[in-house]
Amino acid sequence: MRTRALRSTRPAHRRTAAAAALLMLSAGLAACSSTSTPDDDASPDGPGDAPGASQAVQVEPVRLKTSFTDARSVPIDAPVTVSTEGGDLSDVRITSAAGPVEGRVEGGTWTSTSLLEPGTDYRISASATRSDGEAVERTRAFHTVDLTLDQQTYPSIAPLDGETVGVGMPVVVTFDVPVTDRALFEKHMNVISTPAQKGSWYWLSDNEAHFRPVRYWKAGTDVSVDLDLNSLPAGNGIYGQEDRQLSFHVGDAHVYKVNAQTHRMQVFSNGELLRTLPITTGKPGFTTRSGVKVIMEKFETRRMNSETVGINRNSPEAYDIDDVRWAMRVTYSGEFIHAAPWSEGSQGYANVSHGCTGLSTADAGWLYAMTRRGDVVEYTGTDRPMTLENGYGDWNLAPAAWKQGSALS
């Protein structure tokens with residue numbers, strides 16, 4: 001259940017890129033434009049408007065024209081345009097508690113270049129020069145359409161801002177309401193790395209998109225993520241709820257190579273073999289998956305219960321251990337690397353686990369201390385493959401296949 005407020009308070013800033021895809025709509029908005037009366041929040045234009053004034057000195061009043069017809073429910077997925085009748089428009093300012101709206105005047109019409117906030121009160125202040133040379137100002141208020149939470153999608157991001165991660169960590173964006181216009185959203189989802197490394201997005205579903213480079217991140221890389229999605233139409237009447245920005249750092253290149261046939265794990269850091277550890281993996285019927293996995297989360301201690309992986313409590317294979325030490329998750333389905341003191345006699349010789357990778361308590365503690373989220377574990381030696389969706393399985397697709405998962409491919 002989502003517990004966010006019905007109308008969130010968003011950052012005041014808007015990027016001009018967020019509305020660029022929508023500016024083409026502004027040309028067609030004149031057909032539904034509205035014209036204000038000449039005294040909208042302003043005094044009469046001058047003596048020429050007074051009763052009894054001669055035809056020779058009468059001056060046409062300045063009227064404000066806008067692209068919307070209902071000032072109580074202005075849509076947020078199209079630019080706002082402002083023009084005038086009876087005068088030459090020189091400047092427009094649209095403001096709200098959320099901040100100013102960016103825009104520009106071209107050909108006598110002001111067009112917004114940033115998107116509006118839903119459920120927000122705005123005020124237009126337009127400056128124009130009347131036909132007699134007099135400078136006048138016209139104002140108008142409007143309110144944007146109110147949206148419920150079900151009409152907005154919020155992007156959660158992994159890793160966290162400021163986090164140091166391993167070289168296999170993808171950028172994971174999860175939307176709480178489906179995005180059907182993936183292409184429009186992807187155009188506003190930017191990842192920049194220093195040093196620069198090519199990469200692309202892959203949509204696992206309408207609710208989840210991952211970004212990864214062609215190869216593992218280079219150690220020492222700094223990565224910035226900029227999701228310019230606030231008020232952007234996601235399709236089916238859904239809109240982006242908030243812009244998100246974060247940065248993270250890629251640490252040392254930790255790659256752990258597990259061979260289920262030799263019962264060994266080789267631990268590499270920046271290409272150097274640090275240690276070779278005896279391990280045990282899944283026994284027949286509980287085969288450990290081969291392929292590239294990524295450390296997803298870490299627990300100093302964790303309860304492990306067989307019912308969470310589909311083994312009934314009455315099964316002879318059932319287990320319930322309260323305090324498994326140094327546990328590191330590598331799949332959603334329940335594979336971990338962890339201390340397994342009960343199987344130390346088999347480590348290095350046989351596979352006796354229910355799919356996890358077991359080490360001695362000392363070896364597991366040493367590995368845990370150096371490991372970060374995003375470190376890579378490469379498994380070989382079994383006939384059960386790792387899948388893309390079972391954790392951060394991103395690296396099990398070749399670069400060409402990964403690129404095809406982009407909405408812009």
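Note that this is a predicted model, so its numbers are computed, not measured. Position 1 is the first residue of the sequence; numbering continues from there.
Scanning all heavy atoms of the two residues, the minimum distance from G355 to T288 falls at O-OG1, 2.9 Å. Taking every heavy atom of both residues into account, R384 and T287 meet most closely at NH1-O, 2.7 Å. Minimum heavy-atom separation, Q152 to D176: O-OD1, 4.0 Å. When all heavy atoms of E344 and T361 are compared, the pair lying nearest together is OE2-N, 3.9 Å. Of all the heavy atoms in N305 and R303, the pair that sits closest is ND2-NH2, 3.4 Å. Scanning all heavy atoms of the two residues, the minimum distance from N207 to P178 falls at ND2-N, 3.6 Å.
Checked by atom type and distance alone, the side chain of H188 never pairs as donor or acceptor with a backbone atom of F185 at under 3.5 Å. At distances below 3.5 Å, not a single donor-acceptor pair connects side-chain atoms of S83 with backbone N or O atoms of T109. Judged by distance alone, the side chain of T280 and the main-chain N or O of A350 form a donor-acceptor pair under 3.5 Å. In this structure, S90 contributes its side chain and S127 its backbone to a donor-acceptor pair below 3.5 Å. Within the 3.5 Å criterion, the main-chain N or O of G251 finds no donor-acceptor partner in the side chain of T164. Not one N or O on the side chain of R130 forms a donor-acceptor pair closer than 3.5 Å with the backbone of V59. At least one donor-acceptor pair closer than 3.5 Å links the side chain of E186 to the backbone N or O of A407. For Q266 (side chain) and L273 (main-chain N/O), no donor-acceptor pair under 3.5 Å exists by modelled atom type. Distance alone, capped at 3.5 Å, is enough to place a donor-acceptor pair between the Q261 side chain and the G381 backbone. The backbone N or O of S346 sits nowhere less than 3.5 Å from a side-chain atom of S343 that would complete a donor-acceptor pair.
Proximity of I124 to Y122: side-chain heavy atoms (C-beta onward) are nowhere separated by under 4.5 Å. Between R140 and V82, the closest side-chain pair of non-hydrogen atoms is not below 4.5 Å. Residues R373 and M169 form a side-chain contact, since some pair of their non-hydrogen atoms from C-beta on lies under 4.5 Å apart. V80 is not listed as a side-chain neighbour of V101, based on a closest heavy-atom distance of 4.5 Å or more. Here the side chains of I295 and V330 are in contact, with some heavy-atom distance below 4.5 Å. Within the 4.5 Å cutoff, the side chain of P233 has heavy atoms near those of the L184 side chain. Contact check for V179 versus L229: no side-chain heavy atoms found under the 4.5 Å cut-off. V258 places none of its side-chain heavy atoms less than 4.5 Å from the side chain of K293.
For N236, the CG atom counts as loosely surrounded, since its 6.0 Å shell holds 12 or fewer non-hydrogen atoms of other residues, nucleotides or ligands. For R72, the CZ atom sits in a loose shell: 12 or fewer heavy atoms of surrounding residues, nucleotides or ligands are nearer than 6.0 Å. In K403, the NZ atom is not crowded: 12 or fewer heavy atoms of neighbouring residues, nucleotides or ligands sit closer than 6.0 Å.
The line from CE of M189 to OG of S406 is 9.5 Å long, rounded to the nearest 0.5 Å. Distance check: L89 CG to L64 CG gives 8.0 Å after rounding to the nearest 0.5 Å. Expressed to the nearest 0.5 Å, how far CG of D181 lies from CD1 of I238 amounts to 12.0 Å. In this structure, OG1 on T357 lies 9.5 Å from CE on M328, to the nearest 0.5 angstrom. Atom CD1 of residue I279 and atom CG of residue L359 lie 7.0 Å apart, to the nearest 0.5 angstrom. Going from atom NE2 of H143 over to atom OG1 of T120 covers 7.0 Å, rounded to the nearest 0.5 Å.
For residues 358-409, the set of pairs meeting the ring pair (Phe, Tyr, Trp, His ring centres under 6.0 Å) definition, not counting sequence neighbours, comprises Y202-W402, Y216-W395, W326-Y368. Within the structure, every pair that satisfies the ring pair (Phe, Tyr, Trp, His ring centres under 6.0 Å) test and touches residues 266-325, not counting sequence neighbours, is listed here: F286-H354, Y319-H354. Within the structure, ring pair (Phe, Tyr, Trp, His ring centres under 6.0 Å) pairs that include any residue of residues 221-259 do not occur (at least two apart or interchain). Every pair tested for ring pair (Phe, Tyr, Trp, His ring centres under 6.0 Å) that includes a residue from residues 84-107 fails, sequence neighbours excluded, so the list is empty.
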Under the side-chain contact (heavy atoms from CB on, under 4.5 Å) criterion, do N230 and L115 qualify, and how do the steps go?
CA-CA 8 Å; N230 188 44; L115 296 179; over 6 Å; no
CA sep, side-chain torsions, deciding dist, call: W110, I94, side-chain contact (heavy atoms from CB on, under 4.5 Å)
CA-CA 10 Å; W110 183 93; I94 299 183; 3.4 Å; yes
Could you go step by step and tell me if N396 and T387 meet the side-chain contact (heavy atoms from CB on, under 4.5 Å) rule?
CA-CA 7 Å; N396 294 285; T387 57; over 6 Å; no
Stepwise, does the side-chain contact (heavy atoms from CB on, under 4.5 Å) test hold for V267 with M265?
CA-CA 6 Å; V267 179; M265 173 192 291; 4.0 Å; yes
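Between W201 and F211, the ring planes are perpendicular. Angles over 60° get that label, and only those under 30° would be called parallel.
E317 has a carboxylate O that lies under 4.0 Å from a charged side-chain N of K283, or vice versa, which qualifies the two as a salt bridge.
Side-chain contact, N351 with T281: a donor N or O sits under 3.5 Å from an acceptor N or O. In summary, the side chains of N390 and S333 do present a donor paired with an acceptor at a separation below 3.5 Å, with no hydrogens or angles considered. Between the side chains of T331 and R289, no donor-acceptor pair is found at a separation under 3.5 Å. Side chains of S290 and T382: a donor on one and an acceptor on the other come within 3.5 Å.
Taking the salt bridge (charged side-chain N to carboxylate O under 4.0 Å, His left out) definition, one finds that R93 meets it with D91, E137, sequence neighbours left out. Applying the salt bridge (charged side-chain N to carboxylate O under 4.0 Å, His left out) test to E307 and every residue at least two apart in sequence or in another chain returns R313.
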